[in-house]
Amino acid sequence: MPKHAPTPFRRRKSTRAALAAGVVAALGAGVLFTQANASSGDTQPRTARNATTPATAEPKPPAKAGPTTAPKTTAPAKAKPTSAPKPTTTRRATTTPKATTAPKATAPAGPTTAKVTPPTANAPFDYQIGSPYSPPKNVQVVSRDRTAKPAAGLYNICYVNAFQTQPDALDWWEKNQPDLLLRDRSGTPVQDEDWGEVLLDTSTAGKRERLAKIVGGWIDGCAKSGFQAVEPDNLDSYERSGDRLTKQHNAAFARLLAQRAHAAGLAIGQKNTTELLPERRTIGFDFAVAEECGQYEECEAYAAAYADRVYVIEYTDTGYSRACSGWGGRLSVVRRDLDVSAPGGSYRYRAC
């Protein structure tokens, strides 16, 4: 989950192993839940926090989404926090997960005006949201921040921070789109305290539509730059909203983003959030980007939902070992450092 400021990236863990297991059972039984869909909206993508990454000017938001000059970004893509989250008591180590008969990849939601090609399952993968660099020779799929250029000759996934603001963009939002920020009863913006980001308000159809015009402009920019897919981050922002947002609100917004991506010829990936796997078809997700599914025993749920089109990032040796031993033959798994930095320092590319 890339950010602007130079700070390491860390996934928020709120899902439980029991939930992941329940999702697998529901998928195996063919039980899919659909949610009512409404209209859309959001802001700039976060970029990985890397002190050496140069600042990048933010694209202008589309018409009617505010003034022509959007807030500037600093460094690309958000890295994880330096301290790893403690596993919850409900999570248990397991033996190698049983193979699951995976359903076919889901069809796009809404009309498609351009050809959409999802990434290939189990293709060698690199996660470069912190800083772009020349990919290792065997890599076929790479994820980069939307402010970076795609890697020539590879399948490129465009990282977009879709459900929260960037810390350095808050002033712009307060000045130009203040009612699109989620607020508590006192009018104070609701923050993701781990990252200093304010949640965007996806609670009404009108706000989702306005936010979608802004984020939709970034998605169009990804397509224009030459990316083949997009991964909208912070899909799980409702978990940090103090019950002001629901997963239905974010699912409805994600559906609008999926429609925009497909119209631009981009596949769209579900970023984490196993709770929304049953809604993947209604939303229109084509694949998944799953952080630490090995660490938290969620890989089976993603593999079953997306016919192995799952791109796994592990930040610990334990998680990496577990993901490789259980799923390395079926899913794309990469071991990343917490800073999501370029090779040359302490980081060395590892994948299975």
Side-chain angles (χ1 to χ4, degrees), residues 27 32 34-35 37 39-42 45 59 62 102-127 129 139-146 148-163 208 211-233 235 250-273 276-290 302-312 331-332:
L27 290 168
L32 297 176
T34 59
Q35 303 293 338
N37 299 300
S39 307
S40 66
D42 181 47
K104 294 182 179 180
T106 58
T112 301
T113 58
K115 182 179 179 180
V116 173
T117 303
T120 302
N122 200 25
F125 171 58
D126 197 9
Y127 201 54
I129 63 171
V139 166
Q140 298 175 18
V141 178
V142 63
S143 182
R144 289 180 171 178
D145 185 75
R146 70 182 180 87
K149 293 181 179 179
L154 303 183
Y155 188 100
N156 288 268
I157 301 171
C158 186
Y159 173 94
V160 173
N161 183 9
F163 291 79
R208 290 192 292 269
L211 287 167
K213 289 180 181 179
I214 300 173
V215 177
W218 304 338
I219 290 173
D220 291 347
C222 291
K224 185 177 180 180
S225 294
F227 287 89
Q228 289 76 43
V230 60
E231 57 161 309
D233 199 10
L235 177 63
N250 281 14
F253 180 46
R255 178 174 172 81
L256 291 175
L257 300 183
Q259 291 172 343
R260 186 69 172 257
H262 290 155
L266 300 179
I268 184 168
Q270 175 175 342
K271 183 70 172 288
N272 303 325
T273 322
L276 283 174
L277 284 175
E279 281 73 47
R280 71 196 185 283
R281 295 190 181 186
T282 300
I283 294 170
F285 289 132
D286 303 295
F287 63 97
V289 177
Y302 289 111
Y306 288 106
D308 294 348
R309 285 194 179 105
V310 183
Y311 302 85
V312 180
L331 309 182
S332 303

Exam field: side chain [X] to backbone [Y], donor-acceptor pair closer than 3.5 Å:
{"X": "Asp233", "Y": "Glu231", "answer": "no"}
{"X": "Arg260", "Y": "Asp220", "answer": "no"}
{"X": "Asn250", "Y": "Leu235", "answer": "yes"}

Is [Y] close to [X] at the side-chain level, that is, under 4.5 Å between some pair of heavy atoms?
{"X": "Val141", "Y": "Thr120", "value": "no"}
{"X": "Ser143", "Y": "Tyr311", "value": "no"}
{"X": "Val160", "Y": "Cys222", "value": "yes"}

| request: Sequence neighbours left out, what passes side-chain hydrogen bond (donor to acceptor under 3.5 Å, both in side chains) with Ser332? Give chain and number order. | output: none
Considering all heavy atoms of both residues, which atom of [X] and which atom of [Y] are nearest to each other, and what is their separation?
{"X": "Pro150", "Y": "Gly226", "value": "CG-C, 3.8 Å"}
{"X": "Asn156", "Y": "Phe227", "value": "CB-CD2, 3.5 Å"}
{"X": "Ala264", "Y": "Ala223", "value": "O-CB, 3.7 Å"}
{"X": "Ile268", "Y": "Gly284", "value": "CG2-O, 3.5 Å"}
{"X": "Ala148", "Y": "Arg144", "value": "CB-CB, 4.2 Å"}

| From CA spacing to verdict: side-chain contact (heavy atoms from CB on, under 4.5 Å), Asn272, Tyr302 | CA-CA 9 Å; Asn272 303 325; Tyr302 289 111; 4.2 Å; yes
Spatial distance of atom [atom1] ([X]) from atom [atom2] ([Y]) [nearest 0.5 Å]:
{"X": "Ile283", "Y": "Leu276", "atom1": "CD1", "atom2": "CG", "value": "5.0 Å"}
{"X": "Tyr127", "Y": "Ile157", "atom1": "OH", "atom2": "CD1", "value": "8.5 Å"}
{"X": "Thr273", "Y": "Phe163", "atom1": "OG1", "atom2": "CZ", "value": "8.5 Å"}
{"X": "Leu257", "Y": "Ile219", "atom1": "CG", "atom2": "CD1", "value": "4.5 Å"}
{"X": "Thr117", "Y": "Leu266", "atom1": "OG1", "atom2": "CG", "value": "10.0 Å"}
{"X": "Phe287", "Y": "Lys271", "atom1": "CZ", "atom2": "NZ", "value": "10.5 Å"}

| said: Could you walk me through whether Gln270 and Tyr306 satisfy the side-chain hydrogen bond (donor to acceptor under 3.5 Å, both in side chains) test, starting with their C-alpha distance in whole Å, then the side-chain angles of each, then the deciding distance to 0.1 Å, before giving a yes or no? | reply: CA-CA 10 Å; Gln270 175 175 342; Tyr306 288 106; 2.7 Å; yes
| request: Have a look at Asp286 and tell me which of Arg280, His262, Arg309 forms a side-chain hydrogen bond (donor to acceptor under 3.5 Å, both in side chains) with it. | output: His262
| said: Using side-chain contact (heavy atoms from CB on, under 4.5 Å), reason through Leu154 and Val139 one step at a time and then give a plain yes or no. | reply: CA-CA 8 Å; Leu154 303 183; Val139 166; 4.2 Å; yes
